[in-house]
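Proteins come first, then strands; the chains are lettered A, B, ... in the order of their sequence lines, and each starts at number 1. What's counted below: heavy atoms across the whole structure, side chains too, no hydrogens, waters or symmetry copies.
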Amino acid sequence: MTTPAEPRTDVPTAAGAAVPEKPALEGLEDKWIARWKADDTYAFIRPASRAEVYSIDTPPPTVSGSLHVGHVFSYTHTDLIARFQRMRGKHVFYPIGWDDNGLPTERRVQNFYGVRCDPTVPYDPDFTPPEKPDPKHELRISRPNFVELCHQLTHVDEKAFEDLWRRVGLSVNWSSLYTTISADSIMVAQKAFLRNVVREEAYLSEAPTLWDVTFQTAVAQAELDARDYPGAYHRVAFHAAGGPVFIETTRPELIAACVALIAHPDDERYRSLFGSTVTSPLYGVELPVLAHPAAEPDKGTGIAMCCTFGDLTDVTWWRELQLPARVIIGRDGRIMRDRPEWIADDATWQVIAGKTIVSARELVVAGLRASGDLDGEPTPTLRKANFYEKGDKPLEIVSTRQWYIRNGGRDEDLKRVMLERGADLEWIPPHMRYRYDNWVGGLNGDWLISRQRFFGVPFPVWYSLDADAEPDYDHPILASEDRLPVDPSSDVPAGFSESQRGKPGGFVADPDVMDTWATSSLTPQIACGWERDPELFDVTFPMDLNTHAHEIIRTWLFSRVVRAHFENHSVPWLRCMISGFVMDPDRKKMSKSRGNTVVPTDVLERYGSDAVRWRAAKIRPGLDSPFDQAEMKVGRRLALKVLNASKFVLGAGALSDPAAITEPADLSLLAQLTASISEATRSFEAYDYTSALESTEQFFWQFCDDYLELVKERAYGPAEDSGAASARATLTLTLDIVLRLFAPIMPYVTEEVWSWWKAGSIHQARWPVPDEVVVREDPELLSDVSAALIQIRGAKTQARVSMKTEISLAKFYGTAWALAHLQAVAPDLRAVGRITGDVIWVETDGPIAVDVTLASPT
RNA sequence: GGGAGCAUAGCUCAGUUGGUUAGAGCACUUGCCUUACAAGCAAGGGGUCAGCAGUUCGAGUCUGCUUGCUCCCACCA
């Protein structure tokens, strides 16, 4: 009745078919981590054609940061797909990288070693960091020494990350590991940048820029974090001919930077003042009163002071009304020491000169109070202020020269193209596309990529100096591609010699580095060997899948779409699978700043990787999920159940002979198994790993609870008995297939059991197909048997007796069809129910029912 | 203020194009040492599908409104 698609020949493992006495989960991870590493089980073997490859772009974690369970879940989601595709026969290109460049690393190095980078300090080849950092006296060290320390520390961090990912069981290609600060990455980042410059997709511009005073660097729109920030409204009088004009401000320290008062053109209250002038309190600077539609009549008093620069509206006014720039805040976040030329009275200026913003504010308020220009007391308010996401002071706006890459923020045509690129991607789940559309639609400037920092990819650019040693920013000297990677601070541009560095008529290096996103926006190009390995690039790019959590759609996802659009005229990948967050039990987002993170190593140790992965697989793409320890226990129980059930199956004697499967109950099970294979496959193909797991799990539990119990006695029969052979062959085939269905989710326990009687890794085995089992029996048969079993067990439970209590008389009720099903497996039914007496069959129209008479307990 | 998602058992979640009596796991109750597993097995209780209104022979499912929660974006006078 049943023939296998192809006879299977099972080769015993080298160790022999060893089923342990007491299987345990402990120790499996160490054992298989070592084996997979030694055998390079997940190696990418380069095939001839793109169609044979499945390539995946994964987020390079910031190695100086810390990971929490949310990361583990998200990376697991990717691995589930990778393992499924590998078993489907794809050559899975699954590189991983470490994001080790950038500010987080610098900050960690500063704290770890107690040092600070000072580019003016010369390199010390014999430098060794202090054994015990002294936070009060940071050691000032040269940029090369600082960068060396960054490399040292990230190396240590990277080892810990690799250990974690290996424990989680990620089947990445470790030989394709990249880092964002490696020579290759620098080369890719510099080459792509140079091409952007040549095509005028990147440009240098002096403009007001959001500036972090702590880190003293520019930051990009994507790195902003709007936070509540306590402040106070100060009602301040400016002086006009007709009397005082009151404004409200939370930033009175900027009165000295004021360039105009501005109200809405239709605002009757101020219409008469337009075109006239007022003078500022304390400083007596004469200022025009102007009209602009961006002024909001219902904010404050309806008339605002426009400063250089208090907020982005000030920048708009400065630009559109062509106002002068009156900068008073320096890049260190302090009021400038020298009195600006528009302030007449030096004594007034000296009050705030050199002060921090906070103390300057207090001093100015005291001055206003003394001069009578403060109307009433300041009223506290909670306002939103822009912060750098890694900073803890509100951003200032300063005018600086920076490199930008066009992203559509200042170009409607490009914006439309970027939206179209987003629409070309397959989004899993689909609604994540709206996040992309929202972000791109709301861009209000190009992408600022330069950072005034040290550990990062340097811009491959110099500027020539004129006779006064002033740099010519309009004509940057670009490195030629064949010299990459270059460090302009030590390399010399063509046609110059090192002796001309910094000299009149000579040259100077661009001092900045690229933001880390500028490099990580090229991970598909870095990983796939762009410009370095054309054959690899051809078979891996555009990639098949991009995965990460939804918070970096606006940053990492979007920036890669931009770079691939410019460089490759394509999308970087075909689809994006977006993970949700793990929330704390109060349904709050897990984050380091909230202090509610769960350290993954603890959880992995307590429940095991298979259990944690099982839990991750229960979370569908895009959905947030609360973290619950109890859920892990269930996963652990399943892993253990797989071990125990396998022990039973193989303990009865593995029989890889599908032709021996002849009994109706056995054939019916295989019919159900076939349906499960189809369902799991369909689900995985649709990236619905959760449903794939659920269908397999449901089959497996029913297999254990009903089928295994039903055939237990028969399976123990003598080898020459055809019923016993049928049971054993069914058990063996079912285990073989179920293990493979579980393999992407629980790689450890499935590999362990596989090794008990098969050679090779289950992770290199093929995903099951329904054709492996050719069935002609009715899957309903076992369902009817289960229904009868429930009745028999129920009777015993109700009587509060043991399941092994004998039944002296059993009456089965049901349709002729159902009774036929039960009669077909009557011996099994007698065995599992311990029916020792008579069996009576009663045909009815109703559902299956069983009446039993229990023998008196022994 | 703009956008998105969610609301089904005490908890976490399924519930295809509307169609019998709304499901699962956990938790809970009760029973069972049953030779794969007591980290197990068996049986059971538990829901006004957030609320209101509508479409329909029929609504957890479709439409509108309301409420609540979460996330993203905007909001610095």
What distance, rounded to whole Å, do you find between the two C1' atoms, one in A27(B) and one in C73(B)?
-> 39 Å
Inter-nucleotide C1' distance (A43(B), U48(B)), Å rounded | 28 Å
Name the nucleic acid region contacted by Met432(A), choosing base, sugar-phosphate or nothing; use a 4.0 angstrom heavy-atom cut-off, strictly under.
-> nothing
So what does Trp701(A) hit on the nucleic acid, given a heavy-atom distance under 4.0 Å: a base, only sugar-phosphate, or nothing?
-> sugar-phosphate
May I ask you to check whether Tyr436(A) and Trp427(A) place their ring centres under 6.0 Å from each other?
-> yes
Which whole number of Å gives the distance between the P atom of C49(B) and that of G44(B)?
-> 24 Å
Is the phosphate of C73(B), meaning OP1 or OP2, less than 4.0 Å from a side-chain N or O of Arg554(A)?
-> yes
Across all strands shown, which nucleotide pairs with A59(B) by Watson-Crick or G-U wobble geometry, both distances under 3.5 Å?
-> none
Considering Watson-Crick and G-U wobble pairs with both distances under 3.5 Å, what does C69(B) pair with?
-> G5(B)
pair_partner(C37(B)), Watson-Crick or wobble, both distances < 3.5 Å, evaluates to none
Classify the nucleic acid contact of Ala652(A) as base, sugar-phosphate or nothing, counting any heavy atom under 4.0 Å across all strands shown.
-> nothing
Watson-Crick or G-U wobble mate for G47(B), both contacts under 3.5 Å | none
To the nearest 0.5 Å, tell me how far Asp373(A) CG sits from Leu282(A) CG.
-> 6.5 Å
Hey, does Glu697(A) reach any base, or is it just sugar-phosphate, or nothing, if we go heavy atoms under 4.0 Å?
-> nothing
Contact class for Ala263(A) vs. all strands (heavy atom < 4.0 Å): base, sugar-phosphate, or nothing?
-> nothing
What interatomic distance, in whole Å, is found between P of G45(B) and the corresponding atom of G64(B)?
-> 39 Å
Could you encode protein contacts along nucleotides 29-39 of chain B as a string, one character per nucleotide from 5' to 3', using B for base contact, S for sugar-phosphate-only contact and - for no contact, with a heavy-atom cut-off of under 4.0 Å?
-> -SSS-B-BB-B
